[in-house]
Engineer: 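Next up is a structure, given as C-alpha cells.
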Amino acid sequence: MSKGRRGSPDVPGLVERARAGDARSVARLISLVEDASPDLREVMAALAPHAGRAHIVGITGSPGVGKSTSTNALVAALRNEGKRVGVLAVDPSSPFSGGALLGDRIRMQDHALDREVYIRSMASRGHLGGLSWAAPQALRVLDAAGCDVILVETVGVGQSEVEIAGMADTTLVLLAPGMGDGIQAAKAGILEIGDLYVINKSDRDGADQVRRELRSMLALAERAEGAWKPDIIKTVAHTGEGVDEVATAIERHRGWLADSGQLQVRRTRRARDEVEAIAVTSLREQWRDVHERTELDELAERVVAGTLDPYAAADELLAATPH
Ligand code: GDP
C-alpha cells in the first residue's frame, strides 16, 4: 500500500503485526522512534488503545555492578513464570552515540531465540527531544506488543538514571561490594528512587556490610504512613542465586502499587512528562530550523547587540510561535 511518501511504512500493518507478536515489526516500530520519524504520530495513535498493561521495571546502578547479568537472569526467571518480557537498554548519558555501542549485550543472546522475549538497545540519536522523548514511546511499542514485564536497563551513569527511574513502575537499584563506590559514594538520589535494592555479587566479601550500610541509610529516610518499604535482596547474578526472590519482590511491589493507587499516580506523572517532552520538542523543532534563519536567530542577534534582553526575547519568541 503506497502512502505517498517514499519509504513510508505501512503503519496499520506494522502495528497489527507487532500486536500479534512479530518481533521484526516491534523492532521496526522502535526504529521509527529512534529516528524521530514523522510517522510516529500515526503509530502512537494506533498503539494508544493497546498500551497500559505492561509492568515497567527500571534497573539502575553503576557500571560493572551487574545490571546486564542481572537483567539476563531476571528475564530467565520471568520466562519461567510464562511471562512475555521486553528489555530496553538505554544509554541516557551519551545521546549522540547511536545504538551501536549498546548492540553487543552478548549475554542477552541467551534469550535471542525466545519468541516471547524482545530485546532492544536504544539511543536517541541526537534527536532534540532526547531520551525523555524517545523512551516512553519505545516502551509503548513493547507494551502494546503484549509484554507483561518490560525491563529498562540504563547503561551509563548520571542524573539521567533518575529520569529513567521516573519512567518505571518499579525501580531496582543494584549495588555490589568491592566496587569502590560503596553506599556512601552512591548518589543520594539513588537512595530515593529505589523500590527494591539488590546487592549483587554477594558471593564476594562485603555484601553484608553493604546491606548494613544500606539498611541504616534507608532507615534515616523519612517515609509517609503506608509508604512502600523497599526490600533489600542479595543476589549472585551469574548463577541466578536470589533472582527468583527479586522477581517475587517485583510482583509484590506491583500489587502494592495497584492497591495503594500509586500505579495510577506514577503513570499519570509519566504521561504528563511524556506530553510535556513532546510539546517542548515540537517547539524546539520550530525554533531551530537548521536550514533557515528563524525568529530565534534574529532575536539572538538583538540580544548580542544589546538592543533586547533575553527575557523580552523569549516572550517575543513564544508570542511568534504558532500553536
Ligand atoms: P553492568 O555494567 O552493570 O551491566 O555489569 P555486567 O552485568 O556487565 O557485569 C560486570 C561483571 O561482573 C561481569 O564480568 C560479570 O560476569 C560480573 N558479575 C555479574 N554479577 C556477578 C555476581 O553476582 N558475582 C560476581 N562475582 N561477578 C558478577
Side-chain angles (χ1 to χ4, degrees), residues 8-59 71 75 78 83-92 95 99 102 116-125 127-154 160 163-171 250 254 257-258 263-282:
S8 192
D10 161 24
V11 169
L14 269 179
V15 167
E16 198 183 307
R17 287 192 296 279
R19 290 196 56 224
D22 174 47
R24 279 179 53 189
S25 301
V26 172
R28 179 89 175 86
L29 289 173
I30 295 179
S31 295
L32 293 179
V33 174
E34 271 191 328
D35 296 343
S37 161
D39 295 303
L40 276 179
R41 186 178 279 265
E42 188 185 350
V43 171
M44 290 305 141
L47 293 180
H50 308 296
R53 245 187 26 110
H55 184 192
I56 298 172
V57 179
I59 300 179
T71 302
V75 170
L78 294 165
K83 298 205 160 111
R84 183 179 286 185
V85 186
V87 177
L88 190 67
V90 290
D91 186 349
L102 297 163
E116 297 293 309
V117 180
Y118 302 109
I119 296 164
R120 178 63 188 235
S121 55
M122 192 181 75
S124 53
R125 296 207 181 132
H127 182 265
L128 280 177
L131 220 57
S132 58
W133 179 92
Q137 299 188 56
L139 290 172
R140 185 168 289 115
V141 171
L142 291 166
D143 186 348
C147 289
D148 299 298
V149 180
I150 305 171
L151 305 175
V152 187
E153 184 193 338
T154 49
S160 34
E163 190 185 328
I164 294 296
M167 294 177 193
D169 299 319
T170 299
T171 299
I250 289 172
R254 182 181 168 81
L257 284 171
L263 191 62
Q264 186 66 13
V265 169
R266 288 190 185 200
R267 290 189 168 184
T268 306
R269 194 170 53 207
R270 198 154 83 206
R272 188 183 178 285
D273 290 347
E274 187 182 5
V275 172
E276 186 184 68
I278 291 173
V280 168
T281 303
S282 117

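We count residues from 1, following the sequence as given.
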Engineer: Quick one: does any side-chain atom of Arg254 pair with a main-chain N or O of Thr170 as donor and acceptor, under 3.5 Å?
Structural biologist: no
Engineer: Please report the interatomic distance CD1(Ile278) to CG(Leu40), rounded to the nearest 0.5 Å.
Structural biologist: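 Here the rounded value is 8.5 Å.
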Engineer: Would you indicate whether the side-chain heavy atoms of Arg120 and Glu34 approach each other to under 4.5 Å?
Structural biologist: yes
Engineer: Using the side chain to side chain donor-acceptor pair (under 3.5 Å) rule, collect all pairs that involve residues 135-144, keeping only residues at least two apart or in two chains.
Structural biologist: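 Residue pairs with at least one partner in residues 135-144: Arg140-Glu274.
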Engineer: Mind checking side chain to side chain contact (heavy atoms under 4.5 Å, CB included) for Leu14 and listing every partner two or more places apart, or none if nothing turns up?
Structural biologist: Pro9, Arg17, Ser25, Arg28, Leu29, Leu32
Engineer: Should Met44 and Pro136 count as side-chain neighbours, where that means a heavy-atom distance under 4.5 Å?
Structural biologist: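 The answer is no, as the side chains (C-beta and beyond) never meet within the 4.5 Å cut-off.
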Engineer: Using a 6.0 Å cut-off, check whether atom CZ of Arg19 has over 12 heavy atoms from anything other than its own residue.
Structural biologist: no
Engineer: When rounded to the nearest 0.5 angstrom, what is the spacing between NE2 in His55 and CG in Leu151?
Structural biologist: 10.0 Å
Engineer: Would you sort out whether Met167 and Ile56 count as a side chain to side chain contact (heavy atoms under 4.5 Å, CB included), showing the intermediate values?
Structural biologist: CA-CA 8 Å; Met167 294 177 193; Ile56 298 172; 5.6 Å; no
Engineer: List for me each residue that meets side-chain hydrogen bond (donor to acceptor under 3.5 Å, both in side chains) alongside Asp148, sequence neighbours excluded, and say none if there are none.
Structural biologist: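 In terms of side-chain hydrogen bond (donor to acceptor under 3.5 Å, both in side chains), with neighbours along the sequence ignored, Asp148 is linked to Arg53.
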Engineer: So, for Ala54 and Cys147, which heavy atoms are closest and what is the spacing to 0.1 Å?
Structural biologist: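 So the minimum-distance heavy-atom pair works out to CB-O, 3.2 Å.
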Engineer: Using the test side-chain hydrogen bond (donor to acceptor under 3.5 Å, both in side chains), find all partners of Arg267 that sit at least two apart in sequence or belong to another chain.
Structural biologist: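 By the side-chain hydrogen bond (donor to acceptor under 3.5 Å, both in side chains) rule, Arg267 matches Asp169.
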Engineer: Mind checking side-chain hydrogen bond (donor to acceptor under 3.5 Å, both in side chains) for Arg272 and listing every partner two or more places apart, or none if nothing turns up?
Structural biologist: none
Engineer: Would you check, one step at a time, whether the test side chain to side chain contact (heavy atoms under 4.5 Å, CB included) holds for Glu42 with Ser37?
Structural biologist: CA-CA 10 Å; Glu42 188 185 350; Ser37 161; over 6 Å; no
Engineer: If the test is side chain to side chain contact (heavy atoms under 4.5 Å, CB included), which one of Thr71, Val149, Leu142 qualifies with Val87?
Structural biologist: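 For Val87, the side chain to side chain contact (heavy atoms under 4.5 Å, CB included) check succeeds only for Thr71.
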Engineer: Does the side chain of Val26 reach to within under 4.5 Å of the side chain of Val141, using non-hydrogen atoms?
Structural biologist: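 Yes - at least one pair of side-chain heavy atoms lies under 4.5 Å apart.
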Engineer: Do you know the tightest heavy-atom contact between Val33 and Ala134?
Structural biologist: CG1-O, 3.4 Å
Engineer: Short question: side chain of Tyr118, backbone of Leu88 - any donor-acceptor pair under 3.5 Å?
Structural biologist: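 Side chain of Tyr118 to backbone of Leu88: no pair is present.
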Engineer: Would you call Val117 and Ile119 a side-chain contact if the rule is heavy atoms closer than 4.5 Å?
Structural biologist: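 Side-chain contact under 4.5 Å: yes.
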Engineer: Going from OG1 on Thr171 to CD1 on Ile59, what distance comes out if it is rounded to the nearest 0.5 angstrom?
Structural biologist: 10.0 Å
Engineer: State, to 0.1 Å, how close Ala277 and Thr281 come at their nearest heavy-atom pair, and which atoms those are.
Structural biologist: O-OG1, 2.5 Å
Engineer: So, using side-chain hydrogen bond (donor to acceptor under 3.5 Å, both in side chains) as the criterion, who are the partners of Arg41 when residues are at least two apart?
Structural biologist: none
